[in-house]
Every structure is written in C-alpha cells, then in structure tokens.
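A note on names: the letters A, B, ... follow the listed sequences, proteins ahead of strands, and every chain is numbered from 1.
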2 protein chains.
Amino acid sequence: MLKNSQFIDKLRQSGLRPTKQRLKICEVLFNREKTFHFTINDLAKSILEKLNEKISLATVYNTVHAFKKKGYLKEISINSDKSYFDTNITNHHHFFDEDTNQLIDCDNDNIENINIKNNITGKKVKSVEVLIKVASDNQNQN
Amino acid sequence: MLKNSQFIDKLRQSGLRPTKQRLKICEVLFNREKTFHFTINDLAKSILEKLNEKISLATVYNTVHAFKKKGYLKEISINSDKSYFDTNITNHHHFFDEDTNQLIDCDNDNIENINIKNNITGKKVKSVEVLIKVASDNQNQN
DNA sequence: AAACTATATTATAATTATTCTAAACTATTG
DNA sequence: CAATAGTTTAGAATAATTATAATATAGTTT
Ligand SMILES: [Mn+2]
Ligand SMILES: [Mn+2]
Ligand SMILES: [Zn+2]
Ligand SMILES: [Zn+2]
C-alpha cells in the first residue's frame with residue numbers, strides 16, 4: 001500500500017508532473033495486491049468505481065502511454081480489438097482465458113527456459129514471451 | 001503453383017462457393033513459395049498489384065474471415081492496431097522484427113518443446129505460441 | 001506571492017480498423 | 001432457364017485510439 005508521497009516522488013523522478021489525475025491513476029493501478037491486466041476501458045471504469053472520480057478518457061490514454069514509456073506499464077497484444085496493459089513489467093508469459101477474455105500471468109518457472117537456437121542474423125532478441133490460450137473443454141476454438 | 005480448378009475444389013469441399021473474388025484471393029494468398037503474413041490492407045494492395053483487380057474491401061474482410069473459419073488462415077496478434085493473418089496454419093512461433101514490423105516464422109525445432117507444468121485448473125490448453133521480438137542492437141525498445 | 005513558462009487536462013473532432021446493411025448480383029440446383 | 005440461397009458491394013455505422021486547441025495547473029523566477 002503505497003502512499004501518495006511515494007507516487008509523487010516516483011513521478012518526479014521520471015520527469016512527470018505529479019498531477020491530481022496521475023496520482024489517482026497511480027492509486028488505481030499500483031495499490032493492489034496482484035498484477036493488473038487491463039484495457040483503457042477497464043481502467044476508466046475502475047477509476048470511476050474506486051475513486052468516484054471522473055478523469056477524461058484522453059487523460060487516461062495519455063497517462064497510460066506516459067507510464068508505459070517510463071516503463072511502469074507494459075502493453076500486451078492478445079487481441080486486435082483493443083490494447084491490454086500490464087502492471088507486471090517483467091518479462092513473463094501469459095495464459096489467456098478465451099472463455100472470460102482474461103489475461104493471467106504465468107509464473108516464469110512454470111515453463112522451462114526457452115532457448116532459441118538460431119536467431120535472425122544481425123538482430124538482437126528483445127523479448128521472448130509465451131502466450132498460452134486456454135478454454136474450457138467444450139469451447140469452440142474460434 | 002496451384003491451378004484455379006484446385007482452388008475451386010477446395011472451396012467447394014468446404015462449402016464455400018468458388019466465386020471470382022474468392023479465387024482471385026486464393027491466387028494471391030496461396031500461390032506463393034513462402035508463408036504470407038499480412039494485414040487486410042497488405043492483401044488488398046497485393047490484389048491490386050498482382051492481379052490489377054479491385055475487390056471491395058468488405059469482400060476482402062469477408063473472405064479472410066471465411067478462410068480463417070475454415071482453417072485456411074490463422075490470425076496473429078502482435079500489435080493491437082491491426083490484425084495480422086498467416087497462411088501457415090500450423091501451430092508455430094514467430095519472430096517479430098521491430099525495425100521493419102515484419103513477422104517471420106520460427107521453425108518449431110528452433111525452440112525446445114514447451115512444457116507447461118501447471119495449467120489453469122478446469123481449462124484446456126488450446127495453443128502455446130512464442131513471440132520473439134527482435135531489433136537491431138541500437139534500436140530504442142519503444 | 002505574483003508572474004511566467006512549460007506541461008497537462010479536457011471536450012471534442014478526426015482518424016483508422018473493422019463490421020453492418022441492404023440492394024444488386026451470381027452460383028447452384030432443379 | 002427460373003428459383004433460391006449465398007455473395008458482393010458501396011457506403012454507413014461503430015469502436016478504439018489519436019489529434020487539436022483552448023483552458024488549467026505545476027514548477028520556476030522574480
Ligand atoms: Mn497503441
Ligand atoms: Mn480495431
Ligand atoms: Zn502479465
Ligand atoms: Zn507464421
């Protein structure tokens with residue numbers, strides 16, 4: 001449970017002004033036990049529910065992108081309809097539950113280390129991530 | 001190099017009428033050496049260039065989705081801006097070149113078999129795919 | 001603290017990818 | 001060939017995201 005002043009410091013350190021809106025968004029994003037996987041819409045809804053506060057959608061977009069740029073959030077693509085973001089910024093794998101459309105972190109030691117025998121020549125590996133799609137047995141595989 | 005009549009048979013077999021447009025799209029998609037990774041826009045452009053033919057965008061969307069449903073194409077999510085499709089319908093991994101925004105197939109035996117120790121309870125694994133993001137050394141990691 | 005300047009917020013418009021609609025067209029079947 | 005069921009099409013509708021430009025705020029200077 002981080003306090004406001006800690007968020008203020010963090011934001012200042014990364015050259016972001018600690019505005020009222022950004023602090024609210026920090027609260028919603030980072031004051032939670034577990035990793036938060038969300039769409040912009042989820043976040044906007046969360047802000048409204050948790051804080052009973054309305055922040056302009058544009059600001060939510062701006063802030064999420066600012067936080068991503070500073071490395072406090074990462075973007076995940078599982079679905080081309082909308083972007084998902086992740087408060088777990090480490091390199092990690094995901095389960096994607098096709099029944100519920102939920103992203104779930106996959107513990108890194110749940111999967112053996114992945115070794116790429118031949119990389120593209122002249123390129124450097126930036127990340128290696130596994131996406132495991134799951135569904136209840138009877139599900140249509142779309 | 002498949003002939004028209006082979007496409008006609010294939011389409012008939014899957015209950016799709018072999019229309020002029022679908023045949024053209026088959027030509028562009030499947031008469032090539034290597035796997036084709038494309039966006040709808042790439043495909044539309046290809047149709048125009050290769051066949052000097054204009055097919056309505058709605059038809060391109062319809063056809064791609066019909067082909068996907070029949071299992072002749074698969075959809076890949078690397079980027080939430082737009083959908084990528086793949087003529088390689090097997091379970092396989094990808095390199096994504098961040099410099100060029102190109103998807104490249106990763107040979108399955110380029111990566112050791114992936115074993116998931118603990119799956120989500122009550123769910124069945126539908127697919128396990130690795131995405132390896134690469135870039136030239138000096139690239140900013142966005 | 002007032003003034004100044006750089007940044008951030010906001011409502012709203014614009015853009016882009018994708019899907020929907022409904023009318024015109026075409027492949028298939030009898 | 002005629003009936004019909006499926007397909008194509010242009011254009012409208014929708015939804016996510018980004019751009020704009022006026023207003024507000026934070027940090028800095030005086
Ligand atoms: Mn984005
Ligand atoms: Mn979209
Ligand atoms: Zn995660
Ligand atoms: Zn592929």
Side-chain angles (χ1 to χ4, degrees), chain A residues 4-5 7-28 37-48 51 53-70 72-73 75-85 101 142, chain B residues 4-5 7-28 37-48 51 53-70 72-73 75-85 101 142:
Chain A
N4 230 265
S5 66
F7 290 133
I8 292 179
D9 290 348
K10 198 83 190 250
L11 288 171
R12 282 230 178 81
Q13 275 164 39
S14 35
L16 295 173
R17 288 187 179 172
T19 62
K20 196 165 81 250
Q21 292 83 346
R22 286 178 176 162
L23 289 170
K24 294 289 177 193
I25 292 174
C26 278
E27 267 186 68
V28 173
H37 294 105
F38 62 96
T39 64
I40 295 288
N41 218 61
D42 295 336
L43 178 54
K45 207 187 297 175
S46 256
I47 293 165
L48 218 69
L51 309 178
E53 192 96 14
K54 189 203 148 39
I55 296 179
S56 159
L57 235 206
T59 302
V60 180
Y61 272 99
N62 288 342
T63 304
V64 164
H65 283 122
F67 286 6
K68 179 191 168 188
K69 183 138 62 176
K70 294 299 176 181
Y72 303 142
L73 288 176
E75 195 168 359
I76 313 274
S77 292
I78 6 80
N79 169 303
S80 50
D81 291 356
K82 56 192 98 199
S83 255
Y84 281 66
F85 293 87
N101 262 44
N142 117 279
Chain B
N4 231 266
S5 66
F7 290 133
I8 292 178
D9 290 347
K10 198 85 188 249
L11 288 171
R12 282 233 175 80
Q13 274 164 39
S14 35
L16 294 173
R17 286 191 181 168
T19 63
K20 197 164 81 252
Q21 292 83 345
R22 286 177 176 161
L23 289 170
K24 295 288 179 195
I25 292 174
C26 279
E27 268 186 68
V28 174
H37 294 106
F38 63 96
T39 64
I40 295 287
N41 218 60
D42 295 336
L43 179 54
K45 206 187 296 175
S46 256
I47 293 165
L48 218 69
L51 309 178
E53 191 94 15
K54 189 204 148 39
I55 296 179
S56 159
L57 235 208
T59 303
V60 180
Y61 272 99
N62 287 343
T63 305
V64 165
H65 283 122
F67 286 5
K68 179 189 168 191
K69 182 137 65 174
K70 295 299 179 184
Y72 303 142
L73 287 176
E75 195 169 0
I76 314 274
S77 292
I78 6 81
N79 169 302
S80 49
D81 292 354
K82 54 194 98 200
S83 256
Y84 280 67
F85 293 88
N101 262 45
N142 118 279

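Remark: P of C/dT19 and NZ of B/Lys69 are 12 Å apart, rounded to the nearest angstrom. Going from atom NZ of A/Lys82 over to atom C1' of C/dT19 covers 14 Å, rounded to whole Å. Summarising the geometry, the separation between OH on A/Tyr84 and C1' on D/dA16 is reported as 13 Å, rounded to the nearest angstrom. Distance, B/Lys70 NZ to D/dG6 P: 12 Å, rounded to whole Å. Atom pair B/Leu11:CG and D/dT7:P shows a separation of 10 Å (rounding to whole Å applied). Nucleotide C/dA27 holds its C1' atom 12 Å from the CG atom of B/Leu23, rounded to whole Å. Computed from coordinates, the B/Asp81 CG to C/dT18 P distance equals 9 Å when rounded to whole Å. A/Gln13 places its CD atom 14 Å from the P atom of D/dG27, with the value rounded to the nearest Å.
Here B/Asp42 pairs with B/Phe38, B/Thr39 under the side chain to side chain contact (heavy atoms under 4.5 Å, CB included) rule; sequence neighbours left out. Applying the side chain to side chain contact (heavy atoms under 4.5 Å, CB included) criterion to B/Ile8, with sequence neighbours excluded, gives B/Asn4, B/Arg12, B/Pro18, B/Leu23. With sequence neighbours excluded, the residues forming a side chain to side chain contact (heavy atoms under 4.5 Å, CB included) with B/Ser46 are B/Val28, B/Arg32, B/Phe36, listed by chain and number. Partners of A/Tyr72 according to the ring-ring contact (aromatic ring centres under 6.0 Å, His included) rule, which considers only residues two or more places apart in sequence or in another chain, do not exist here. For the ring-ring contact (aromatic ring centres under 6.0 Å, His included) test, no residue two or more places apart in sequence or in another chain qualifies with B/Phe7. Taking the side chain to side chain contact (heavy atoms under 4.5 Å, CB included) definition, one finds that B/Thr19 meets it with B/Arg17, B/Gln21, B/Arg22, sequence neighbours left out.
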Distances under 3.5 Å between protein N/O atoms and the N/O atoms of nucleotides 3-10 of chain C, please, pair by pair.
from: C/dA6; atom 1: N3; to: A/Arg17; atom 2: NH1; distance (Å): 3.3
from: C/dA6; atom 1: N3; to: A/Arg17; atom 2: NH2; distance (Å): 3.3
from: C/dT7; atom 1: O4'; to: A/Arg17; atom 2: NH1; distance (Å): 3.0
from: C/dT7; atom 1: O4'; to: A/Arg17; atom 2: NH2; distance (Å): 3.2
from: C/dA8; atom 1: OP1; to: A/Arg22; atom 2: NH1; distance (Å): 2.9
from: C/dA8; atom 1: OP1; to: A/Arg22; atom 2: NH2; distance (Å): 3.2
from: C/dT9; atom 1: OP1; to: A/Thr19; atom 2: OG1; distance (Å): 2.5
from: C/dT9; atom 1: O3'; to: A/Gln21; atom 2: NE2; distance (Å): 2.7
from: C/dT10; atom 1: OP1; to: A/Gln21; atom 2: NE2; distance (Å): 3.2
from: C/dT10; atom 1: OP2; to: A/Ser56; atom 2: N; distance (Å): 3.2
from: C/dT10; atom 1: OP2; to: A/Thr59; atom 2: OG1; distance (Å): 2.7

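At the heavy-atom level, B/Ser83 lies under 4.0 Å from the strands shown only through sugar-phosphate atoms.
Within the helix from C/dA1-D/dT30 to C/dG30-D/dC1, the inter-axis angle between the opening and closing five-pair segments is 20°, rounded to 10°.
Applying the 4.0 Å criterion to OP1 and OP2 of C/dA27, one finds that B/Arg12 has every side-chain N and O outside that range. In terms of phosphate contacts, B/His65 brings a side-chain nitrogen or oxygen within less than 4.0 Å of OP1 or OP2 of C/dT19. One finds no side-chain N or O of B/Tyr61 lying less than 4.0 angstrom from the OP1 or OP2 phosphate oxygen of C/dT19.
Taking every heavy atom of both residues into account, B/Lys70 and B/Leu16 meet most closely at CG-CD1, 3.8 Å.
Within the 4.5 Å cutoff, the side chain of A/Phe67 has no heavy atoms near those of the A/Asn62 side chain. At least one side-chain heavy atom of B/Phe85 sits under 4.5 Å from a side-chain heavy atom of B/Lys68.
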